[in-house]
Novice: 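Structure provided below as structure tokens; questions to follow.
The chains referred to below are lettered A, B, ... by the order of the sequence lines, with proteins before strands, and numbering in each begins at 1. Because the structure is a prediction, the values reported are computed rather than measured.
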2 protein chains.
Amino acid sequence: MASKTPEPRVCSIARSLEVVGEKWALLAVREIFLGNRRFDEIVRRTGAPRDTMAARLRTLTEAGVLGRRQYSEHPARYEYVLSTAGRDLYPVITALREWGDRYLSGEQGPPVTFTHSCGHTLSTRLVCEACGEAATYASATRADPEGEGLRGR
Amino acid sequence: MASKTPEPRVCSIARSLEVVGEKWALLAVREIFLGNRRFDEIVRRTGAPRDTMAARLRTLTEAGVLGRRQYSEHPARYEYVLSTAGRDLYPVITALREWGDRYLSGEQGPPVTFTHSCGHTLSTRLVCEACGEAATYASATRADPEGEGLRGR
DNA sequence: TCTTGTAGGTCCGAAAACTGGACCAACCTT
DNA sequence: AAGGTTGGTCCAGTTTTCGGACCTACAAGA
């Protein structure tokens with residue numbers, strides 16, 4: 001076999017995880033989605049060490065997922081806001097919540113966090129971008145079953 | 001303010017990340033989705049240190065996301081397969097791919113990895129579970145805007 | 001037979017990341 | 001003046017990660 005596929009696969013999933021895959025990153029984003037934009041709140045509600053969360057907010061800001069906004073001048077105070085890219089993490093967070101709701105809930109059922117404006121829970125659906133058809137993993141083709149043919153386009 | 005909300009929020013997202021939030025976990029799952037079920041393949045195509053990946057596959061197996069199956073007796077050989085819970089990570093992975101495709105693609109566009117059987121790319125849609133209506137972050141209610149009222153149900 | 005290859009790991013020491021807790025500088029309220 | 005709020009930083013100890021070498025068991029080819 002002459003041409004080896006690139007060792008670490010060129011992949012958007014890997015790239016995404018490079019940015020939001022660190023331990024506390026998505027929990028920070030979750031808090032901001034929930035409206036808690038301030039450092040102390042984020043630290044308190046995620047349970048992260050202050051130090052670690054400070055570093056994480058820095059990397060997320062540098063990556064363009066968050067913005068840092070001064071909301072008070074004289075005691076200089078900052079809050080974190082979601083960029084467009086940050087807001088577009090909503091499906092990722094929803095999918096994770098859904099999975100946790102299904103497989104990691106205790107006896108009292110899943111905790112409720114995000115709801116649709118009609119009051120019900122949001123979920124993610126897989127659809128085909130082109131034909132609009134609902135899809136499942138079963139109807140998805142694994143483009144690279146044997147480890148070949150996957151090259152970036 | 002008498003009753004403090006629980007410090008670290010009770011949350012399915014946090015629980016999910018406890019299981020699949022480690023650095024190489026979702027990439028291992030990705031490889032298995034792509035049909036590469038064997039240790040060496042998984043290591044090679046993710047780029048993870050062998051050591052770390054061995055540990056990760058162990059935790060994922062213990063968590064019930066993966067199963068470990070012997071496919072050869074005499075040289076005892078094992079492969080990893082997705083459980084139902086593992087297969088249900090498909091939306092998470094799709095959402096991450098979609099985000100990476102959108103915000104982290106180079107000049108040559110996103111690498112293609114998963115496609116629908118019709119040959120097109122899959123994506124995730126947010127919908128309301130009850131009314132079936134398409135939803136966006138904008139139409140979602142933040143159940144806990146000020147850090148209150150979020151308690152598990 | 002001897003070598004090479006495959007497969008699924010383990011072991012190692014060095015480096016990086018995470019952790020909890022103390023501390024700090026401005027400002028404000030009581 | 002004392003105490004609270006906010007957004008951090010600093011520290012030292014522990015845990016994880018990293019890359020590479022190594023190991024066992026078998027099979028195929030020269």
Side-chain angles (χ1 to χ4, degrees), chain A residues 1-2 4-8 14 17-28 31-32 35-63 66-81 146-148, chain B residues 1-2 4-8 14 17-28 31-32 35-63 66-81 146-148:
Chain A
M1 292 301 108
K4 285 241 160 196
T5 31
E7 292 286 296
L17 290 172
E18 213 52 35
V19 176
V20 296
E22 284 160 314
K23 181 154 187 182
W24 299 103
L26 282 176
L27 290 185
E31 263 335 288
I32 301 174
N36 296 317
R37 292 186 267 271
R38 301 186 183 175
F39 185 80
D40 274 11
E41 271 311 282
I42 294 170
V43 164
R44 197 170 66 83
R45 303 304 301 268
T46 56
R50 299 176 74 76
D51 218 10
T52 309
M53 186 51 82
R56 207 51 63 241
L57 291 171
R58 207 149 36 227
T59 61
L60 286 173
T61 303
E62 279 160 18
L66 302 180
R68 191 158 170 276
R69 212 167 51 186
Q70 186 160 20
Y71 68 89
S72 156
E73 277 253 354
H74 254 330
R77 294 276 178 272
Y78 302 93
E79 61 181 9
Y80 293 90
V81 294
E146 243 37 71
E148 272 300 336
Chain B
M1 294 295 113
K4 284 247 172 193
T5 31
E7 292 287 293
L17 290 172
E18 217 44 41
V19 177
V20 297
E22 284 160 311
K23 180 154 187 186
W24 299 103
L26 283 175
L27 290 185
E31 261 337 285
I32 302 174
N36 296 319
R37 292 187 267 272
R38 301 183 184 178
F39 185 80
D40 273 11
E41 270 312 280
I42 296 170
V43 164
R44 197 170 65 85
R45 304 305 300 269
T46 56
R50 301 176 71 74
D51 218 11
T52 309
M53 185 52 83
R56 207 53 63 240
L57 290 171
R58 209 150 33 229
T59 62
L60 286 173
T61 303
E62 280 160 16
L66 301 181
R68 191 160 171 272
R69 216 169 46 185
Q70 187 161 18
Y71 69 90
S72 155
E73 278 253 350
H74 252 332
R77 294 277 180 272
Y78 303 93
E79 61 182 9
Y80 294 90
V81 294
E146 243 36 73
E148 274 297 338

Novice: C:dA16 C1' sits how many Å from A:Arg56 CZ, rounded?
Specialist: 12 Å

Novice: If you compare every side-chain N and O of A:Thr52 against the phosphate oxygens of C:dT19 (OP1, OP2), does one of them come in below 4.0 Å?
Specialist: yes

Novice: Measure CD/A:Glu73 against P/D:dG7 and give the value in whole Å, please.
Specialist: 15 Å

Novice: Taking the minimum atom-to-atom distance to the side chain of B:Arg68, which one of C:dG9, C:dG8, D:dT6 wins?
Specialist: C:dG9

Novice: Mind checking what makes side chain to side chain donor-acceptor pair (under 3.5 Å) contact with B:Arg37, not counting sequence neighbours?
Specialist: none

Novice: Nearest-Å distance, CG (A:Leu57) to P (D:dT6)?
Specialist: 16 Å

Novice: Taking atom P of C:dT6 as reference, at what distance in whole Å does atom CG of B:Asn36 sit?
Specialist: 16 Å

Novice: Round to the nearest Å and state the distance from A:Tyr78 atom OH to D:dT6 atom P.
Specialist: 16 Å

Novice: Hey, is the side chain of B:Trp24 poking within less than 4.0 Å of OP1 or OP2 on D:dC18, counting only N and O atoms?
Specialist: yes

Novice: Establish, for the pair B:Arg77 and B:Phe39, whether the NZ or CZ atom is under 6.0 angstrom from the six-membered ring centre and no further than 45 degrees off its axis.
Specialist: no

Novice: Does A:Arg50 reach a base, just sugar-phosphate, or nothing at all? Heavy atoms under 4.0 Å.
Specialist: base

Novice: Quick one: does B:Gln70's side chain have a donor or acceptor within less than 3.5 Å of a partner on B:Ser72's backbone?
Specialist: yes

Novice: Using only side-chain N and O atoms of B:Lys23, determine if any of them is under 4.0 Å from OP1 or OP2 of D:dC18.
Specialist: yes

Novice: Classify the nucleic acid contact of A:Phe39 as base, sugar-phosphate or nothing, counting any heavy atom under 4.0 Å across all strands shown.
Specialist: base

Novice: Nearest nucleotide by nearest heavy atom, which residue falls closer to the 5' end of DNA chain C, A:Pro75 or A:Ala55?
Specialist: A:Ala55

Novice: Report the distance from atom CE of B:Met53 to atom C1' of D:dC18, rounded to the nearest whole Å.
Specialist: 13 Å

Novice: For the pair A:Arg69 and A:Glu79, find out whether any cationic side-chain nitrogen is under 4.0 Å from an anionic carboxylate oxygen.
Specialist: yes

Novice: Ignoring backbone atoms, establish whether A:Arg44 has a side-chain N or O less than 4.0 Å from OP1 or OP2 of D:dG7.
Specialist: no

Novice: Below 4.0 angstrom from OP1 or OP2 of D:dG8, is there any side-chain N or O of A:Tyr80?
Specialist: yes

Novice: Counting heavy atoms from C-beta on, name the nucleotide in C:dT10, D:dT6, D:dC18 closest to the side chain of B:Ala54.
Specialist: C:dT10

Novice: Just the rounded figure in Å: distance from P of C:dG5 to CD of B:Glu41.
Specialist: 17 Å

Novice: Does A:Tyr71 have a side-chain nitrogen or oxygen under 4.0 Å from the phosphate oxygens OP1 or OP2 of D:dG7?
Specialist: yes

Novice: If you find the nucleotide of DNA chain D closest to A:Arg77 and the one closest to A:Asp51, which residue's nucleotide is nearer the 5' end?
Specialist: A:Arg77

Novice: B:Gln70 CD to D:dC26 P: how many Å, rounded?
Specialist: 13 Å

Novice: State, yes or no, whether a side-chain contact exists between A:Thr46 and A:Met53 at a heavy-atom distance under 4.5 Å.
Specialist: yes

